[in-house]
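Take a look at the structure set out below.
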Amino acid sequence: MTGIEIFCGIVAVLLLLYYYSISTYNFWKKRGVPGPEPIPFFGNVVRMMFSHLSIGQYMREVYEKYKSEPAIGLFIRRQPVLVLNNPDLIKTVLIKDFTKFSDRGVTINAVAEPLTQHLFALEPERWRPLRTRLSPLFTSGRLKEMFFMIVDCANNLEKHLEKVAVKCDPIDCRDLAARYTMNVIGSCAFGIDMNCMSNEESTFRKVGKEFFANSYMRLIRGRLREITPQLYTLLGRILPHPYGTDFFIDSVLNMIEYRKKNNIVRNDFINTLMDIRDHPEKLGDIELTDSLLAAQAFVFFIAGFETSSSTISNALYELALNQDIQDKLRSEIKEHHEINNGEWHYENIKAMPILDGVFKETLRMYPPVPFITRKSVDDYTFADLKFSIPKGVSVFIPLYGIHYDPDIYPNPETFDISRFMGDAESKRHPMHYLPFGDGPRNCIGARFAVFQTRIGLIKILRNYKVDICEKTVIPYEVNPRAFLLAPNHPITLKVTKVEN
């Protein structure tokens, strides 16, 4: 074979790859759906592929540019993605026609990453029965039972603060909040003391940190899982699982066996998993494996500590910048502390409007999951828009962009708790505030997250003031490589004791 023939062969292969990469790019044009022009091989995600921008940030950019359009079309490499801006369309997908969009469209790989088979990501067939079995764990009645355990962990947080505040050194509030929420999850979900407030770092804490670490290995694994799932499965049979996978599965199974052997009954997550394991027939035709069981505990562990801890640290950041709001909140906390003789109860946490406003405004500005995903499980026609999509098309809701729309939230960069006080909320469309999602696939642990976050803030702010210092990064910088909305830096603040 001559050099010219080799060259022509290479050119032919490259042309074929090129045409293959752009072969779907008329998908939205045929349907009359506007959107930015895709780039061959990358679609509209070239900056995300090279970690220059997070997907949440990009969704915000797209929303700001096209918010007058009810829907826009994007491409993740070759795959079409529909982005919904109109709140009524969002409600249709999340609630009214949920059965047509009951899949999140998250990639699962049970071989390479067994713990990806969790409730957040599962396809509808396995999600429905598992959601039904796990939902009773998060009722208001069950939360009341766990309330004293959350308060106990918050008391340990307060004692820890007393020690570190004396040193007058700046404190990494993200780390502080993560230690507290991990203790809460350990106590309420697994019945164990993770001892995260100590200087020694537990293995559970290391696993949690590693899961959200922005290492190149995690980035490569994520790209392989999305782009070449078959190759990733093959590699998964050879390469070791991600750090902490086997430890977590073994830990959950050991907890189950220990309780069974010692006849320990406790109304928590592990006890529910034991019941599911003993009665697999209640899940229908689902194959109940050890990894599937452990994955449900894993997602509660991961989501339970990370989303709440980020909300606590982000709230402290904004309160350090807005001392007037911090003072009002501290006064409210002290008032309720006196009314209840120092005892905190489930009911009186709900009766604190300033705390409620701080919590909700923090989630508006920093929604941990900055966009919501769904995938069509059948062909579907959007009657009002007069176009159809086939089964398997992803639908994105640009939550981060909506939360910063000045037409919905005037001066969106300003931390303003009045947006969630009085009748302000009732004047907005309910689909314009979705930090926990909505519909049947909303966040199952929303109630739990609300209370562990609020109690943590109460215990920190009752006797301590948070303020900016020379190490505080201003303005807040979003991490372009993180899937969840997270800062690209520690949230370092000065914490000082308040004289009563």
Side-chain angles (χ1 to χ4, degrees), residues 54-57 59-60 120 150 153-154 157 161 171-186 189 194 196-197 204-214 218 298-322 355 358-372 399-400 403-404 415 417 433-437 443-461 466 468 472-493 495:
S54 72
I55 186 78
Q57 289 173 297
M59 286 293 104
R60 180 176 168 182
F120 182 86
I150 301 176
C153 291
L157 167 65
L161 258 184
I171 295 174
D172 181 353
C173 290
R174 289 191 73 202
D175 181 69
L176 177 74
R179 288 172 182 270
Y180 157 66
T181 54
M182 192 165 287
N183 273 346
V184 173
I185 297 300
M194 292 190 175
C196 292
M197 287 298 171
F204 279 101
R205 176 79 178 111
K206 290 177 182 175
V207 171
K209 288 174 71 174
E210 177 62 27
F211 183 81
F212 290 103
N214 297 304
R218 288 198 65 81
F298 182 71
V299 73
F300 183 49
F301 166 71
I302 290 297
F305 92 80
E306 175 62 21
T307 56
S308 292
S309 65
S310 67
T311 301
I312 290 172
S313 57
N314 289 332
L316 294 175
Y317 177 83
E318 287 297 332
L319 291 171
L321 294 170
N322 296 274
L355 178 61
V358 167
F359 175 76
K360 289 179 177 177
E361 176 68 349
T362 300
L363 286 177
R364 180 196 68 81
M365 293 185 72
Y366 308 100
V369 181
F371 65 105
I372 298 169
L399 177 62
Y400 191 33
H403 281 195
Y404 276 81
F415 188 77
I417 65 173
Y433 183 73
L434 296 168
F436 295 108
C443 175
I444 191 173
R447 281 197 190 97
F448 186 90
V450 167
F451 281 91
Q452 75 163 341
T453 301
R454 293 187 185 190
I455 295 168
L457 288 172
I458 285 170
K459 291 294 183 177
I460 293 170
L461 294 168
V466 292
I468 60 172
T472 307
V473 177
I474 303 173
Y476 190 102
E477 299 171 5
V478 174
N479 189 336
R481 291 166 57 189
F483 176 78
L484 298 180
L485 188 70
N488 201 23
H489 49 80
I491 294 183
T492 308
L493 301 173
V495 179

Q.
Taking Gln452's backbone N and O only, do any of them form a donor-acceptor pair with Tyr180's side chain (distance below 3.5 Å, no angle check)?
A. yes

Q.
Can you classify the ring geometry of Phe301 versus Phe298 as parallel (below 30°), tilted (30 to 60°) or perpendicular (above 60°)?
A. tilted

Q: Could you tell me whether a side-chain N or O of Ser310 sits under 3.5 Å from a main-chain N or O of Thr307, the two making a donor and an acceptor?
A: yes

Q: Kindly determine whether Ile474 and Tyr317 satisfy side-chain contact (heavy atoms from CB on, under 4.5 Å), including the steps that lead there.
A: CA-CA 10 Å; Ile474 303 173; Tyr317 177 83; 3.9 Å; yes

Q.
So, taking the atom named CD1 in Ile312 and the one named OG1 in Thr181, what distance separates them when rounded to the nearest 0.5 Å?
A. 6.0 Å

**Q.** Thr492 side-chain N/O to Ile171 backbone N/O, donor-acceptor pair under 3.5 Å
**A.** no

Q) Any donor and acceptor pair, going by atom type alone, linking the side chain of Tyr404 with main-chain N or O of Met365 inside 3.5 Å? A) yes

Q: Could you grab the distance from atom CZ of Phe451 to atom CD1 of Ile150, nearest 0.5 Å is fine?
A: 8.5 Å

Q) If every non-hydrogen atom of Ser313 is compared with every non-hydrogen atom of Ala177, which pair is closest and at what distance? A) N-CB, 4.4 Å

Q. Counting N and O atoms only, with roles assigned by atom type, does the side chain of Gln57 sit under 3.5 Å from a partner on the main chain of Ser54, one being a donor and the other an acceptor?
A. yes

(Q) Could you check whether any side-chain N or O of Arg364 sits under 3.5 Å from a backbone N or O of His403, counting only pairs where one atom can act as donor and the other as acceptor? (A) yes

Q | Separation between CG of Leu493 and CG of Leu316, rounded to the nearest 0.5 Å | A | 6.5 Å

Q. Which heavy atom in Ala482 sits nearest to a heavy atom in Ala486, and how many Å separate them?
A. CB-CB, 4.4 Å

Q: For the pair Phe371 and Phe483, name the ring-plane relationship: parallel under 30°, tilted 30 to 60°, perpendicular over 60°.
A: perpendicular

Q. How many angstroms lie between atom CE of Met182 and atom CZ of Phe305, to the nearest 0.5 angstrom?
A. 3.5 Å

Q.
Within the 3.5 Å criterion, strictly below it, is a donor on Asn314 or Tyr476 matched to an acceptor on the partner's side chain?
A. yes

